[in-house]
Amino acid sequence: MCQRYWEIYNMGIPVLTGPSPLAKLLGCSTPCDCDVVVYVNDIDKIEERQCVWAITDPTFIHRPIWIGGYPHVSLHDLEKIVSPEISETIKCIMERTKSAPRVL
């Protein structure tokens, strides 16, 4: 699991694992192996911000998806991440999930 997640979680800041694990599953490139998402108003509470992405919706924490037993930011909330460093990864994830065949 991503150590950054636990560091920020232990600071008492609402946090979810970022889109990188999902990106890897879908074959998208990502700038980080381990990333996290926090509300934009909490980002200043974090000193080391590498691979820490800001999101505009404070309710993101209530809609996690579970991958490997850990909470990750949902597909619904990906487009609310405002950190430009991860924008190409998010675009790839959204394209791959929208074009995937649907099975009933």
Side-chain angles (χ1 to χ4, degrees):
M1 178 56 185
C2 180
Q3 185 61 31
R4 291 294 291 151
Y5 172 83
W6 292 112
E7 291 168 3
I8 295 170
Y9 177 87
N10 288 330
M11 293 171 65
I13 297 171
V15 59
L16 292 177
T17 305
S20 291
L22 182 57
K24 290 177 196 173
L25 287 172
L26 295 171
C28 299
S29 64
T30 180
C32 302
D33 288 331
C34 164
D35 61 353
V36 295
V37 177
V38 299
Y39 180 51
V40 69
N41 288 1
D42 291 329
I43 199 91
D44 290 333
K45 299 174 187 173
I46 301 166
E47 288 183 32
E48 175 56 47
R49 296 186 194 155
Q50 183 177 1
C51 298
V52 177
W53 317 128
I55 192 165
T56 57
D57 184 351
T59 65
F60 80 101
I61 196 74
H62 301 295
R63 291 181 298 278
I65 59 172
W66 295 85
I67 300 173
Y70 293 96
H72 291 68
V73 66
S74 72
L75 288 173
H76 171 77
D77 290 322
L78 282 179
E79 293 177 318
K80 299 174 187 174
I81 295 174
V82 294
S83 302
E85 303 90 346
I86 195 75
S87 62
E88 287 301 313
T89 300
I90 292 170
K91 181 179 176 184
C92 177
I93 291 169
M94 298 311 289
E95 287 174 359
R96 300 244 171 127
T97 55
K98 287 178 183 174
S99 65
R102 304 292 186 244
V103 178
L104 297 176

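For the single chain, residues carry numbers from 1 onward in sequence order.
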- Item | Residues L75, L22; criterion side chain to side chain contact (heavy atoms under 4.5 Å, CB included); working and verdict | CA-CA 9 Å; L75 288 173; L22 182 57; 3.6 Å; yes

- N/O donor-acceptor pair under 3.5 Å between S20 side chain and D35 backbone: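 Side chain of S20 to backbone of D35, a donor-acceptor pair under 3.5 Å: no, none is there.
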
- Query: Short question: side chain of K45, backbone of I8 - any donor-acceptor pair under 3.5 Å?
  - Reply: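 Looks like no, no N/O pair under 3.5 Å.
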
- Item | Flag if over 12 foreign heavy atoms under 6.0 Å of NZ, K24 |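 Yes, NZ of K24 has more than 12 neighbouring heavy atoms, counting only those of other groups under 6.0 Å.
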
- Query: Crowded around N41 CG? As in, over 12 foreign heavy atoms under 6.0 Å?
  - Reply: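 Enclosed.
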
Results of side chain to side chain contact (heavy atoms under 4.5 Å, CB included) for [X] - residues two or more places apart only:
| X | value |
| --- | --- |
| V40 | A54 |
| E47 | none |
| E7 | Q3, R4 |
| T59 | D57, H62, R63 |

- F60 and side-chain contact (heavy atoms from CB on, under 4.5 Å): which partner among I81, V15, L78, I55?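 It is I55, the one option of I81, V15, L78, I55 that forms the side-chain contact (heavy atoms from CB on, under 4.5 Å) with F60.
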
- Item | CA sep, side-chain torsions, deciding dist, call: T17, I67, side chain to side chain contact (heavy atoms under 4.5 Å, CB included) | CA-CA 9 Å; T17 305; I67 300 173; over 6 Å; no

- Should the ring pair W6 and Y9 be called parallel, tilted or perpendicular, given that the plane angle runs from 0 to 90° and is split at 30 and 60?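 Taking Y9 first and then W6, their aromatic rings stand perpendicular (interplane angle over 60°).
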
- Query: Atom CD in Q50, atom SG in C34: separation rounded to 0.5 Å?
  - Reply: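 Q50 CD to C34 SG: 10.0 Å, rounded to 0.5 Å.
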
- Calculate, to the nearest 0.5 Å, the distance between atoms NZ and SG belonging to K91 and C28 respectively.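 Nearest 0.5 Å value for the NZ-SG distance: 11.5 Å.
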
- Is it true that Y5 and I61 fall in one hydrophobic cluster, defined by side-chain heavy atoms closer than 4.5 Å?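 Different hydrophobic clusters.
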
- Message: Using the rule that Ile, Leu, Val, Met, Phe, Trp and Tyr join whenever any side-chain heavy atoms are under 4.5 Å apart, tell me whether I65 and I90 fall into a single cluster.
- Response: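 Shared cluster, yes.
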
- Query: V38 and P14: which non-hydrogen atoms are nearest, and at how many Å?
  - Reply: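 Scanning both residues completely, I find the closest heavy atoms to be CG1-O, 3.8 Å.
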
- Might you point out which heavy atoms bring E85 and P31 nearest each other, and give the distance in Å?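 Closest approach of E85 to P31: O-CG, 3.7 Å.
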
- Item | Residue pairs passing the ring pair (Phe, Tyr, Trp, His ring centres under 6.0 Å) test where at least one lies in residues 33-54, sequence neighbours excluded |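 For residues 33-54, and leaving out neighbouring residues, there are no ring pair (Phe, Tyr, Trp, His ring centres under 6.0 Å) pairs at all.
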
- Of all residues at least two apart in sequence or in a different chain, which pass the side-chain hydrogen bond (donor to acceptor under 3.5 Å, both in side chains) check with T89?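 side-chain hydrogen bond (donor to acceptor under 3.5 Å, both in side chains) check on T89 returns nothing, list empty.
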
- Message: Do P19 and V37 have side chains that approach each other closer than 4.5 Å (heavy atoms only, starting at C-beta)?
- Response: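 SC-SC contact between P19 and V37 confirmed.
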
- Message: Would you say that L26 contacts C92 through its side chain, given a criterion of any heavy-atom pair below 4.5 Å between the two side chains?
- Response: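 SC-SC contact between L26 and C92 ruled out.
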
- Residue pair T30, I86: steps toward the side chain to side chain contact (heavy atoms under 4.5 Å, CB included) verdict: CA-CA 7 Å; T30 180; I86 195 75; 4.0 Å; yes

